[in-house]
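For reference, the structure discussed in these notes is given below.
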Amino acid sequence: MGLSMRVIELECADPLKLGAFWSAVLGAPVGPGPRGVNIAPGGAGMRLYLVEEKASGRPRSRTRLWLNPVDGALDAEVARLTGLGANVVEKLWTNRTYGLTVAVLADPEGNEFCIESSDREVADAERRIEDPQDDLDGMGPQGGPEHFLGFDAP
């Protein structure tokens, strides 16, 4: 027997305002919830539930959402999300040799979430790794430690 994840709950000061941010990030409408708002990408199934803080002054949990762009590139998605109000917290290499990465961002209220290299970027890296004719030029990190995937390090 196993468990399935259905809801990720985040405490926040203003569920409606933060709901607008997450609605734009996930491309899903904001709906009502018992004590906050719901955002359910694709309708039923997994949803994000934003609820007003239960006790002010108490530290929030360190729950992180992990998001994966199916198309496009990680740096383009980071640019889109920072344009919506997210802040880059940290950048991590999941496989430095092949240029696969994770960007840790924070929403406008400081809740952290992660964006991994896109499915397309991972598939391209796997294809190039398996191709004996590919010398893998240009797959690893570009620039120095102050530059990462087309956006500046904090």
Side-chain angles (χ1 to χ4, degrees), residues 1-12 14-31 33 36-51 59-131 134 136-154:
M1 189 167 192
L3 300 173
S4 64
M5 190 169 21
R6 294 188 181 161
V7 177
I8 296 173
E9 179 180 302
L10 294 178
E11 290 184 17
C12 57
D14 188 342
L16 287 175
K17 184 176 177 183
L18 194 58
F21 170 81
W22 281 108
S23 174
V25 168
L26 299 172
V30 175
V37 298
N38 283 299
I39 301 166
M46 184 69 176
R47 64 188 167 94
L48 176 61
Y49 181 52
L50 303 172
V51 61
R60 291 190 186 132
S61 68
R62 301 295 297 168
T63 301
R64 285 186 178 168
L65 304 175
W66 282 78
L67 307 173
N68 179 262
V70 176
D71 296 317
L74 175 64
D75 56 347
E77 195 61 25
V78 168
R80 182 180 82 85
L81 298 176
T82 55
L84 291 171
N87 294 303
V88 176
V89 174
E90 183 178 19
K91 295 105 180 169
L92 307 168
W93 292 102
T94 56
N95 189 318
R96 190 175 182 94
T97 303
Y98 304 115
L100 301 178
T101 57
V102 173
V104 180
L105 290 89
D107 69 17
E109 289 200 9
N111 298 299
E112 293 180 0
F113 61 101
C114 301
I115 308 290
E116 297 181 287
S117 294
S118 72
D119 291 351
R120 183 185 51 78
E121 291 168 315
V122 171
D124 187 49
E126 289 173 348
R127 179 194 55 76
R128 293 184 70 187
I129 291 165
E130 293 172 1
D131 182 354
D134 195 329
L136 303 177
D137 282 342
M139 288 215 38
Q142 305 298 314
E146 70 284 346
H147 190 75
F148 183 92
L149 284 179
F151 52 94
D152 294 326

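This chain uses plain numbering: 1 for the first residue, then up along the sequence. These values consider heavy atoms only, across backbone and side chains, with no hydrogens, waters or symmetry-generated copies.
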Does the pair Asn38 and Val7 meet the rule for a side chain to side chain contact (heavy atoms under 4.5 Å, CB included), with working shown? CA-CA 9 Å; Asn38 283 299; Val7 177; 5.7 Å; no
Using distance only, find each side-chain donor-acceptor pair of residues 77-84 under 3.5 Å and give its atom names and separation, not counting sequence neighbours.
residue : atom : partner : partner atom : Å
Glu77   : OE2  : Arg80   : NE           : 3.0
Glu77   : OE2  : Arg80   : NH2          : 2.7
Arg80   : NH1  : Ala24   : O            : 3.2
Arg80   : NH2  : Val25   : O            : 2.8
Thr82   : OG1  : Val78   : O            : 3.0
Thr82   : OG1  : Ala79   : O            : 3.1

Closest approach of [X] and [Y], non-hydrogen atoms and distance?
{"X": "Pro69", "Y": "Glu116", "answer": "CD-O, 3.2 Å"}
{"X": "Ala86", "Y": "Phe113", "answer": "CB-CZ, 4.0 Å"}
{"X": "Ser23", "Y": "Ile39", "answer": "N-CD1, 3.7 Å"}
{"X": "Gly36", "Y": "Pro15", "answer": "CA-CB, 4.3 Å"}
{"X": "Tyr49", "Y": "Gly33", "answer": "CE1-CA, 4.0 Å"}
{"X": "Gly85", "Y": "Pro108", "answer": "O-CG, 3.9 Å"}

Which distance, rounded to the nearest 0.5 Å, do you find between the [atom1] of [X] and the [atom2] of [Y]?
{"X": "Glu112", "Y": "Glu90", "atom1": "CD", "atom2": "CD", "result": "8.0 Å"}
{"X": "Asp75", "Y": "Glu121", "atom1": "CG", "atom2": "CD", "result": "7.0 Å"}
{"X": "Leu26", "Y": "Arg47", "atom1": "CG", "atom2": "CZ", "result": "13.5 Å"}

Are any of the side-chain heavy atoms of Leu50 and Val30 separated by less than 4.5 Å?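 Answer no - side chains too far apart.
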Considering only heavy atoms from C-beta outward, does the side chain of Ser118 approach that of Leu74 to under 4.5 Å?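 In short, these two side chains do not touch, never coming nearer than 4.5 Å.
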Does any N or O in the side chain of Ser117 come within less than 3.5 Å of the main-chain N or O of Thr101, such that one atom is a donor and the other an acceptor?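 At least one qualifying donor-acceptor pair exists.
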Taking side-chain hydrogen bond (donor to acceptor under 3.5 Å, both in side chains) as the test, write out the residues that go with Asp107, two or more places apart.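 Counting only residues at least two positions away or on another chain, Asp107 forms a side-chain hydrogen bond (donor to acceptor under 3.5 Å, both in side chains) with Trp22, Asn111.
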Between Glu109 and Asp14, does a side chain to side chain contact (heavy atoms under 4.5 Å, CB included) hold up when you go through it step by step? CA-CA 9 Å; Glu109 289 200 9; Asp14 188 342; 3.9 Å; yes
